[in-house]
There are 2 protein chains.
Amino acid sequence: MHYSDLIKTIKERREVLNVTQKTLAELAGVGLRTLKQFESGKGNPTLHTLQKISGVLGMEVCLKIRNLEAK
Amino acid sequence: MHYSDLIKTIKERREVLNVTQKTLAELAGVGLRTLKQFESGKGNPTLHTLQKISGVLGMEVCLKIRNLEAK
DNA sequence: TCGAAAAGTGCATTTTATTGCTCTTTTTAA
DNA sequence: TTAAAAAGAGCAATAAAATGCACTTTTCGA
């Protein structure tokens, strides 16, 4: 996934769950500012930060072999 | 994936490809020290750093819904 | 329409990741 | 076995992430 897709995934997942940035930040234990920056494409979160956010949303960070077929 | 699994995945993939930390660091454009710290479990790389490393190894960082079934 | 909630941004500070240098330990091949 | 390559770690400097506060803009429901 490209950087923008990771952001999009987090943002959409949060919206589907109907959670505000403020609530997600609190539940994930990260600063609201950090989440705002990430979602607005201004950030470069650490792996720990991304994992904390993903976790609250019922998601996980993973690594997979790139599929050349899949455009 | 847990943090340690992400490390393991990167490390094993690098070894399967028979690439040294030095070479991978150079190809990925990250400091050798950064890669060493990550692989030895001492680091907390930024998303950009992890993407650069993964990319060289033919992998990508992704987010997926956690599967409760899968142990 | 319009007021409140949510999201986005500038600024400053603190914390921490990144990096290079050097050295020690471990692994590997001759 | 052992010498060289590769991996791991201490230290210090620099760059950048994380954070809070205050303010602006956008979104959305009454």
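Residue numbers start from 1 in every chain, and the chains themselves are labelled A, B, ... in the order their sequence lines are given, proteins ahead of strands.
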Please list, by residue number, the residues of residues 10-23 of chain B whose heavy atoms come closer than 4.0 Å to an atom of DNA chain D; answer none if no residue qualifies.
B/K11, B/R14, B/T20, B/Q21

Which atom pairs, donor and acceptor, lie under 3.5 Å between side-chain atoms of residues 50-62 of chain B and protein residues at least two apart or in another chain?
{"from": "B/S54", "atom 1": "OG", "to": "B/L50", "atom 2": "O", "distance (Å)": "2.7"}
{"from": "B/E60", "atom 1": "OE1", "to": "A/M1", "atom 2": "N", "distance (Å)": "2.5"}

Interatomic distance where CD belongs to B/E39 and P belongs to C/dT18 [whole Å]
14 Å

B/F38 CZ - C/dA17 C1' separation (whole Å):
13 Å

In terms of hydrophobic clustering (I, L, V, M, F, W, Y; side-chain heavy atoms under 4.5 Å; direct or indirect links), are B/L32 and B/V19 co-clustered?
no

Under 4.0 Å protein heavy-atom contact, by nucleotide of nucleotides 12-30 of chain D - B base, S sugar-phosphate only
-----SSBBB---------

Determine which pairs satisfy side-chain hydrogen bond (donor to acceptor under 3.5 Å, both in side chains) with at least one residue from residues 3-19 of chain A, sequence neighbours left out, and list them in order.
A/R14-A/E39

Axis-to-axis angle for the helix from C/dT1-D/dA30 to C/dA30-D/dT1, ends of five pairs each, to 10°, equals 60°

Distance-only criterion, 3.5 Å: show the donor-acceptor pairs between side-chain atoms of residues 22-29 of chain A and protein atoms not counting sequence neighbours.
{"from": "A/K22", "atom 1": "NZ", "to": "A/E26", "atom 2": "OE2", "distance (Å)": "3.2"}
{"from": "A/T23", "atom 1": "OG1", "to": "A/T20", "atom 2": "OG1", "distance (Å)": "3.0"}

How would you list all residue pairs meeting ring pair (Phe, Tyr, Trp, His ring centres under 6.0 Å) that involve [range], not counting sequence neighbours?
| range | answer |
| --- | --- |
| residues 4-34 of chain B | none |
| residues 7-32 of chain B | none |
| residues 50-69 of chain A | none |

Under 4.0 Å between a side-chain N or O of B/S40 and OP1 or OP2 of D/dA9?
yes

Give every donor-acceptor pair under 3.5 Å between a side-chain atom in residues 40-48 of chain A and any protein atom, sequence neighbours left out.
{"from": "A/S40", "atom 1": "OG", "to": "A/K36", "atom 2": "O", "distance (Å)": "2.8"}
{"from": "A/S40", "atom 1": "OG", "to": "A/Q37", "atom 2": "O", "distance (Å)": "3.2"}
{"from": "A/N44", "atom 1": "OD1", "to": "B/L47", "atom 2": "N", "distance (Å)": "3.4"}
{"from": "A/N44", "atom 1": "OD1", "to": "B/H48", "atom 2": "N", "distance (Å)": "3.0"}
{"from": "A/N44", "atom 1": "ND2", "to": "B/T46", "atom 2": "OG1", "distance (Å)": "3.3"}
{"from": "A/T46", "atom 1": "OG1", "to": "A/T49", "atom 2": "N", "distance (Å)": "3.3"}
{"from": "A/T46", "atom 1": "OG1", "to": "A/T49", "atom 2": "OG1", "distance (Å)": "3.1"}
{"from": "A/T46", "atom 1": "OG1", "to": "B/N44", "atom 2": "ND2", "distance (Å)": "3.3"}

